Amino acid sequence: MKPLTLLLISGSLRAGSSNAAALHTASALAPAGVTVQFFERMGDLPHFNPDLEQASLPEPVADLRQQLAAADAVLVSTPEYAGALPGSFKNLLDWSVGEGLYRKPIGYLNVSPHEGGAERTYQMLRVVLGYVHADLVEAACVRAPVRRDAVDAEQQVTDPAVRETIRRAVGALVEHAASARAVHDQRRKAEHADDDAEHDAEKR
Ligand code: FNR
C-alpha cells in the first residue's frame, strides 16, 4: 500500500517560529512509515485573485495545490495576529478553496503559551474549514503550548508533556486518514465492480 502522506503547513513566516517548531516536532513524532512534507512556500504565494485562476496558474499556487492533492491529511499551526488569522495564511487558505481541502482530514496545534491565546484564530480557521468541507479531526486539534525558550537547535519542542500531546495528535490524525483512505478505496472498488458488471451485461 502507498505510504500515507502528511502535509504540514505553518501560518507563520517568522524565522524561529514556534508554530513551525511544533510542526517539525510533529514530523519527528509521526508514526513510522508516514511520509511527511512541509509546505515552505506560503511567502511565495501571490495575493489571491480569481483572475489568476483563468490564466496559467502561478507556479507556487500549482505547487500548493499539488501538495494538498497528494496529502492524505494536513496538520497546521498558526499564530494569531490582532485577533485574527494571519493575512498570509488566510491567503493560502483562499487559494485552497474548492481545491484540495474538500473532505481532507485536518488537525491543528495551538502553540500559544497564554491562557485563551490564539483562540480567535482557531475559531476563524474552523469557520474556513467548515466552509470548504474539510474533515476536521477533533482528536488532532489540540493546545500544545510552546515557549520560545523550549525549542532546541533542531526546531524540536523540548517539553516532554507537550511532545506527548503532539505525538498523540499526529497519531490520531494519521489513524483517521488511514481509515478514510480505506473507506474511499473500498468505495472505488465497489464502483469498479459495478462498472464491470454493467459492461459484462452489455456484452451479453
Ligand atoms: C501577536 N500575537 C498575538 N497572540 C494572540 O494570542 N492574539 C493576538 O491577537 C496576537 N496578536 C499579535 C499581533 C502581532 C503584530 C504580533 C507580532 C504578535 C502573538 C503571536 O501570536 C505569537 O507571538 C506567536 O507565537 C507567533 O508565532 P510564531 O511566529 O512564533 O510561530
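Residue numbers count from 1 along this sequence. Read the numbers this way: they start at 1 and go in the same order the structure lists the ligands and their atoms. All figures in this text were calculated on a predicted structure; none of them were measured in a lab. Just so you know, these numbers use all the heavy atoms, side chains as well, and skip hydrogens, waters and symmetry mates.
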Original post:
Between Leu7 and Ala71, what is the shortest heavy-atom contact and its length?
Top reply: CB-CB, 3.7 Å

Subject >> Top protein contact for atom 2 (N) of ligand 1, by heavy-atom distance >> reply: Glu80 O, 3.3 Å

Original post:
Less than 3.5 Å between some nitrogen or oxygen of Val111 and one of ligand 1, yes or no?
Top reply: no

**OP:** Just need the protein heavy atom nearest to atom 29 (O) of ligand 1, so name the residue and atom and give the distance.
**Re:** Ser12 OG, 2.7 Å

Original post:
Do the charged groups of Glu138 and Arg126 touch, with an N to O distance under 4.0 Å?
Top reply: yes

**OP:** Could you say whether the N/O atoms of Tyr81 and ligand 1 ever approach to under 3.5 Å?
**Re:** no

Original post:
Is it true that Lys189 and Asp185 make a salt bridge, defined as a side-chain N closer than 4.0 Å to a carboxylate O?
Top reply: no

Subject >> From Gly16, Pro79, Gly11 - option closest to atom 26 (C) of ligand 1 by heavy atom >> reply: Pro79

**OP:** Tell me which protein heavy atom sits closest to atom 11 (N) of ligand 1, plus the residue, atom name and distance to 0.1 Å.
**Re:** Ala82 N, 3.0 Å

Subject >> Proximal atoms of ligand 1 relative to Gly117 (non-hydrogen, under 4.0 Å) >> reply: 6 (O)

**OP:** Among Ser77, Ser12, Ser10, find the one that has a side-chain hydrogen bond (donor to acceptor under 3.5 Å, both in side chains) with Asn19.
**Re:** Ser77

**OP:** Report yes if Asn19 has an N/O atom closer than 3.5 Å to an N/O atom of ligand 1; otherwise report no.
**Re:** yes

Original post:
Would a distance-only check, ignoring hydrogens and angles, find a side-chain to backbone donor-acceptor pair under 3.5 Å from Arg148 to Ser18?
Top reply: no

**OP:** Would you mind reporting whether Glu80 and Met124 have side-chain heavy atoms less than 4.5 Å apart?
**Re:** no

**OP:** May I ask you to decide whether Glu119 forms a salt bridge with Arg143, counting only side-chain N to carboxylate O separations under 4.0 Å?
**Re:** yes

Original post:
When you check the gap from the basic side-chain N to the acidic O, do Glu191 and Arg188 get nearer than 4.0 Å?
Top reply: no

Original post:
Which atoms of ligand 1 are found less than 4.0 Å from any heavy atom of Arg14?
Top reply: 28 (P), 29 (O), 30 (O)

**OP:** Check whether any N or O atom of Gly83, backbone or side chain, sits under 3.5 Å from an N or O atom of ligand 1, and answer yes or no.
**Re:** yes

**OP:** Classify the contact between Ser10 and ligand 1 as side chain, backbone, both or neither, using a heavy-atom distance cut-off of under 4.0 Å.
**Re:** neither

**OP:** Could you pull out, from Arg148, Glu115, Arg147, the option with a heavy atom nearest to atom 23 (O) of ligand 1?
**Re:** Arg148

**OP:** Identify the heavy atoms of Leu173 and Gly107 that sit nearest to each other, and give their distance.
**Re:** CD1-N, 4.0 Å

Original post:
Any chain of hydrophobic side-chain contacts (each under 4.5 Å) joining Val132 to Phe39?
Top reply: yes

Original post:
For atom 25 (O) of ligand 1, what's the nearest protein heavy atom and its distance?
Top reply: Ser18 OG, 4.1 Å

Subject >> Part of Ser17 with heavy atoms under 4.0 Å of ligand 1, whether side chain, backbone, both or neither >> reply: both

Original post:
What residue and atom, counting heavy atoms only, is the protein's closest point to atom 6 (O) of ligand 1, and at what distance?
Top reply: Ala118 N, 3.0 Å

